[in-house]
Amino acid sequence: MAGKRGALIVLEGVDRAGKTTQCSKLVQALQQSGRPAEMMRFPDRTTTIGQLIGAYLENKSDLEDHTVHLLFSANRWEMVPLMKKKLEQGINLVVDRYAFSGVAFTSAKPGFRLDWCMQPDVGLPKPDLVMFLQLNPAEAALRGQFGQERYETSVFQRTVQQRFEQLMKDQTVNWQVIDAAQNIENVHKDITAHSLNAINKAQNLPLGELWSETLKN
Ligand code: NYM
Ligand code: MG
């Protein structure tokens with residue numbers, strides 16, 4: 001099989017940073033340049049597990065904090081066979097949130113350690129590139145009110161931002177910080193440049209395992 005694998009590209013950031021907009025624009029740009037690309041998002045609210053998560057986020061149900069953390073992780077694991085198949089077929093996957101959101105949001109709750117939160121996601125397909133859309137709280141506030149979902153308060157989001165900053169210290173992950181305060185087109189240009197670079201490099205590398213080295217010892 002001489003086929004080149006696709007790259008796993010993740011966009012992360014606090015709520016309202018523009019991840020969803022930028023994921024769609026990236027997929028479109030890659031497709032237009034002849035590179036197969038598909039978008040995915042986590043949580044994927046369409047599966048049975050995803051429906052439990054959706055009800056929780058919409059405040060239609062309550063779930064114990066550890067339990068919902070493990071459901072978010074399970075919602076990623078259930079997509080792994082499909083993700084691997086697509087990557088092997090040469091499709092580049094552009095993913096709106098991944099395990100980093102999982103850890104940042106749960107560990108922003110009292111009593112949760114970063115390493116406990118990371119453990120269930122150890123061994124997931126490792127992204128070739130994780131772009132963090134950086135937006136300070138003042139700029140985020142200019143983008144309007146939060147929605148009605150759980151976690152969408154400025155106090156909580158500040159803690160989430162701090163947890164993301166801790167995760168970004170991990171040198172085993174290819175993090176790139178993107179200035180999300182720029183206009184949509186300039187953010188898109190930065191994201192596209194990093195993505196093309198990652199796609200070229202990924203072709204010659206095996207897909208890695210997330211956090212397998214990070215949590216040793
Ligand atoms: N979220 C997302 C988590 O708490 N854990 C996770 O593992 C993931 C992937 O869900 N506030 C949170 C972050 C968001 C919320 O995401 C829903 P979105 O992108 O607004 O659908
Ligand atoms: Mg949202």
Side-chain angles (χ1 to χ4, degrees), residues 8-27 39-80 82-83 93-127 130-135 137 140-141 143-168 173 178 180 191 210-211:
L8 179 58
I9 297 169
V10 171
L11 268 73
E12 283 285 7
V14 294
D15 288 294
R16 290 189 303 182
K19 292 181 295 299
T20 308
T21 305
Q22 292 295 337
C23 281
S24 329
K25 285 180 73 73
L26 177 59
V27 167
M39 182 166 164
M40 297 183 73
R41 73 175 311 150
F42 292 109
D44 178 337
R45 303 189 197 204
T46 65
T47 68
T48 305
I49 293 167
Q51 286 166 24
L52 295 172
I53 294 170
Y56 172 80
L57 289 171
E58 292 165 29
N59 288 304
K60 288 177 180 157
S61 71
D62 283 319
L63 290 168
E64 192 275 332
D65 288 329
H66 301 78
T67 308
V68 74
H69 181 73
L70 296 172
L71 288 177
F72 273 111
S73 178
N75 184 234
R76 285 182 279 280
W77 281 108
E78 66 179 330
M79 301 309 285
V80 167
L82 182 64
M83 292 171 75
L93 294 180
V94 175
V95 186
D96 187 349
R97 297 188 191 278
Y98 200 49
F100 314 97
S101 275
V103 173
F105 279 77
T106 299
S107 67
K109 296 176 177 180
F112 282 86
R113 285 169 44 145
L114 217 63
D115 59 347
W116 188 91
C117 294
M118 290 164 81
Q119 198 64 62
D121 287 306
V122 170
L124 279 179
K126 181 179 181 171
V130 187
M131 289 176 281
F132 183 77
L133 272 62
Q134 177 82 55
L135 191 70
R143 301 191 172 179
Q145 295 302 303
F146 281 113
Q148 297 302 306
E149 291 205 332
R150 215 182 273 265
Y151 305 147
E152 295 185 343
T153 68
S154 49
V155 175
F156 194 76
Q157 299 274 328
R158 269 170 214 262
T159 312
V160 170
Q161 167 75 32
Q162 289 166 2
R163 296 297 178 262
F164 274 125
E165 282 164 13
Q166 282 174 268
L167 288 174
M168 281 189 266
V173 173
I178 306 291
I191 286 177
L210 183 65
W211 292 330

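For ligands, and for the atoms within them, numbers begin at 1 and follow the listed sequence.
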Proximal ligand 1 atoms for L57, defined as those under 4.0 Å from one of its heavy atoms: 10 (O), 15 (C), 17 (C)
N/O separation below 3.5 Å, R76 to ligand 1: yes
Residue pair H69 / W116: nearest heavy atoms and the distance that separates them: CD2-CZ3, 3.5 Å
Under the side chain to side chain donor-acceptor pair (under 3.5 Å) test, residues paired with Q162 that sit two or more places apart: none
Test of proximity, E149 against ligand 1: N or O pairs below 3.5 Å: no
Spatial distance of atom OG1 (T48) from atom CG (N75) [nearest 0.5 Å]: 10.0 Å
Enumerated ligand 1 atoms positioned under 4.0 Å from heavy atoms of R41: 18 (P), 19 (O), 21 (O)
Separation of K109 NZ from T159 OG1 (nearest 0.5 Å): 12.5 Å
Carboxylate-amine/guanidinium proximity below 4.0 Å for R97 and D15: yes
Any residue meeting side chain to side chain donor-acceptor pair (under 3.5 Å) with E12, in chain and number order, not counting sequence neighbours: S101
Between R163 and Q166: side-chain donor-acceptor atoms closer than 3.5 Å: yes
Ligand 1 versus P43: contacting region, heavy-atom distance under 4.0 Å: both
Ligand 1 N/O within reach of R45 N/O, cut-off under 3.5 Å: yes
Nearest neighbour of atom 13 (C) of ligand 1 from the list Y56, F42, F105, F156, on a heavy-atom basis: F105
N or O pair under 3.5 Å between R97 and ligand 1: yes
Mode of E152 contact toward ligand 1 - side chain, backbone, both, neither (heavy atoms, under 4.0 Å): neither
N or O contact, D15 vs ligand 1, cut-off under 3.5 Å: yes
Point-to-point distance, once rounded to the nearest 0.5 Å, from CZ of F100 to CZ of F164: 9.0 Å
Residue portion contacting ligand 1 (non-hydrogen atoms closer than 4.0 Å) for I53: neither
